[in-house]
Amino acid sequence: MCVWLVTHNSFPFLTFLKPAAAVALLTYLQIKFSQTWIDSLGLHRLEDFGRKLASRKTLAVFLVGLTVLAIRSAVIPVSGIPLPEFHDEFSYLLAADTFAHGRLTNPPHPMWTHFETYHVIGRPTYMSMYPPGQGLILALGQVAGNPWLGQLLAAALMCAAICWMLQGWIPPRWALLGGILSVARLGLLSYFTNGYWCACLPAVGGALVVGALPRIQRHTRRRDAAIMALGLFILANTRPYEGFLLSLGAAIALFVWMFRKQSPPRRIALSKIILPLVLALIPLAAWSAYYNYRVTGDPFRMAYTINRDTYAMGRYFIWQSPAPQKTYAHLRMRLKYEQELQDAQQYHTVPGFLHSIRRKLFDFCQTYLILPLPFVLIALPCAARDRRLRAPWMIAAIFGIGLMVVVWFLPHYFAPATALLFLILMQCIRHLRQFRWRKHPVGQAFVRAVCVIYIGTVVLRIGLAVAHIHPEREWQHGDMQRASIAQQLNALPGEHVVLVSYSPDFSPDREWVYNRSDIDASKIIWARDMGPEKNHELLAYYPARQFWQVHADSSAPHPQPYRELSAASLK
């Protein structure tokens, strides 16, 4: 996959060549100097310690999660707390603020058109359009002091869940290595952790579902069925479509196992697996239906559906026709959804489809397959023939096909299958390690080289950032300009309204009009500049507030006092 991207100029060739040369050199040095060189580095002692730790499975899972918390917390003085930047993040933070104040949703605001924005519904209630899972974990962080603390906890749970899932499929020492590799990238340096996107929680849900599968097949325990039900609930309340794809594959694998000759009697499977699974899902599903009812008035209609029906013209799936033309109160929103429509129409053409698939693969590799880790995929043909992993391969195939028929893709859409990816990578590493050439353990040396360089690069990047030698790009997150304006106004007495205007070519991904759950109680309210006549009704609604005007696309945006036109000019 990555070789295909390189040959098609998706990224500079040197980006691929340098890690390849480093792995080749380190592999050669291990073979050339053999035991003496390896002993001097202490690799054998480190591997022996890893085996002993991995044999204590619960402790290994706990330490993987604790590593994320400890390392990422330790660099907060250098990195700071990430700031939100994109639509989705602000929408999730709205849900978090709502839950943190003990509400499931918020009443509609009478001036809602002035606060209209992306990924938020204003009617029948004021709430994020997304399922509640991400908002709940961020709300936990907000209660503890900052919403990002909830995201950090979710990242730790993700890496721990990946290690736990791998323990169900492969030997413990390889599961521990997979957990460590997930920490090195996703847990520390990716936007999964350093932002407010819904990425870590669906990865937790997917790991619980796929990790429960082999345990159910081996032990037929009710607790494993309950764990699978919890994973299904997390998926349904974070990324429902992708969660459905993964759950469909797991369900097929489960039912195939139930009807095999080697499986326990069907009566036992029904009483110990299916019945506990259903009983655990009923109250969880009832809660989800109640949440939908409170937000939309319909237990079977999500806020997501209302938002897309209200604004979107482009559809998500390749077989869907465009939605009817919509009416928008704001030019900026119309331009955004017209661009979505163009993207969807382009996806229906063969060149557009191929270009989109290539783009999806590139974005996927940029997030999940950071060099030199993809080099282990040379053993993919061997891993694919492994009979023990037929079920994971089947689940991965269903998941991949399901993503191909979706027009848009961001790397965290793949999040429910994150643990599956690490399972495939670890299986490739296991096969590679057995390879010998002229009695030399070339595979073992190659695997060591890849892992040492992969983890070492992360350690080096963190160390350099802590030493202030250069900033760590993944930590420089957030809309600093918007945050700076909010800081200025928070320092002033009184309450404020910021009227935001944009030029037509200002990036629609950088939206400033987002508010807290209780708009009227907020010290700073962000609203759209709708022109003097429309702005007048907002001024009349907030007579005691100071109004400011900001042009978001200026080189150094700063708030200026807003001067209302005279009453005569408004008549």
Side-chain angles (χ1 to χ4, degrees), residues 1-8 10-11 13 15-17 19-24 26-28 30-31 162 165-171 173-175 177-178 181-182 185 206 210-211 213-214 245-246 249-250 252-253 256 354 357-358 360-404 414 417-454:
M1 179 191 301
C2 291
V3 172
W4 179 81
L5 291 170
V6 169
T7 57
H8 284 72
S10 292
F11 53 83
F13 180 68
T15 303
F16 183 86
L17 183 60
V23 170
L26 190 55
T27 301
Y28 171 76
Q30 290 182 74
I31 297 172
I162 289 173
M165 176 268 191
L166 293 174
Q167 289 175 349
W169 291 98
I170 56 180
R173 63 181 178 132
W174 297 108
L177 178 60
L181 294 179
S182 71
R185 170 59 186 174
V210 181
L213 187 59
L245 294 175
L246 188 99
I252 293 174
V256 168
L354 294 177
I357 294 297
R358 178 181 165 190
K360 289 178 180 180
L361 288 174
F362 178 72
D363 291 343
F364 170 82
C365 289
Q366 286 285 86
T367 299
Y368 295 94
L369 297 179
I370 301 299
L371 295 170
L373 192 58
F375 297 158
V376 304
L377 293 176
I378 59 176
L380 195 59
C382 297
R385 292 195 297 268
D386 195 329
R387 296 182 61 182
R388 292 167 295 181
L389 294 188
R390 283 181 177 177
W393 275 112
M394 182 267 294
I395 297 171
I398 293 174
F399 193 86
I401 294 171
L403 288 185
M404 289 178 63
F414 186 84
T418 301
L420 268 179
L421 174 64
F422 277 93
L423 175 59
I424 293 170
L425 289 172
M426 297 314 300
Q427 200 65 0
C428 288
I429 287 176
R430 292 181 66 197
H431 283 281
L432 270 176
R433 190 178 172 86
Q434 299 172 5
F435 176 72
R436 302 180 69 89
W437 184 68
R438 294 183 179 179
K439 298 183 179 181
H440 294 298
V442 176
Q444 183 185 61
F446 181 83
V447 167
R448 283 175 173 166
V450 168
C451 293
V452 167
I453 293 174
Y454 182 78

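Note that these values count all heavy atoms, side chains included, but never hydrogens, waters or copies made by symmetry. We're numbering straight along the sequence, starting at 1.
- To the nearest 0.5 Å, the span separating CG on L373 from OH on Y368 amounts to 13.5 Å.
- For R388, the side-chain hydrogen bond (donor to acceptor under 3.5 Å, both in side chains) test picks out D386, with sequence neighbours left out.
- Minimum heavy-atom separation, L245 to L403: CD1-N, 4.1 Å.
- The minimum heavy-atom distance linking A383 with C428 is given by the pair CB-SG, 3.9 Å.
- Here the CG-CE distance, from L432 to M426, works out to 11.0 Å after rounding to the nearest 0.5 Å.
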(message) Under the criterion side-chain contact (heavy atoms from CB on, under 4.5 Å), I'd like the reasoning laid out for I429 against V450: C-alpha separation, chi angles, the key distance, then a yes or no.
(response) CA-CA 10 Å; I429 287 176; V450 168; 5.9 Å; no
(request) Take L423 and I170 through the side-chain contact (heavy atoms from CB on, under 4.5 Å) test and state the conclusion after the steps. (result) CA-CA 8 Å; L423 175 59; I170 56 180; 3.8 Å; yes
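- Going from atom CD of Q366 over to atom CG of L371 covers 8.5 Å, rounded to the nearest 0.5 Å.
- Every pair tested for salt bridge (Lys or Arg N to Asp or Glu O under 4.0 Å) that includes a residue from residues 364-375 fails, sequence neighbours excluded, so the list is empty.
- With contacts defined as side-chain heavy-atom distances shorter than 4.5 Å, the pair I424/L380 qualifies.
- Here the closest non-hydrogen pair linking G249 and M394 is O-CE, 3.3 Å.
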(message) Between L425 and L369, is the side-chain contact (heavy atoms from CB on, under 4.5 Å) condition met? List the steps.
(response) CA-CA 10 Å; L425 289 172; L369 297 179; 4.1 Å; yes
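- Note that CZ of R433 is 9.0 Å distant from SG of C451, once rounded to the nearest 0.5 Å.
- Going from atom CZ of R173 over to atom CG of L166 covers 14.0 Å, rounded to the nearest 0.5 Å.
- Contact record, R185 with T367: NE-O, 3.5 Å, taken as the closest heavy-atom pair.
- Interatomic distance, CD1 of I162 versus CG of L181, reported as 10.0 Å (0.5 Å rounding).
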(message) The test is side-chain contact (heavy atoms from CB on, under 4.5 Å); show your working for F364 and L421 and say whether it passes.
(response) CA-CA 11 Å; F364 170 82; L421 174 64; 3.9 Å; yes
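- In terms of heavy-atom proximity, P392 sits nearest to L420 at CB-CD2, 3.7 Å.
- A centroid separation of less than 6.0 Å is found between the aromatic rings of F399 and F414.
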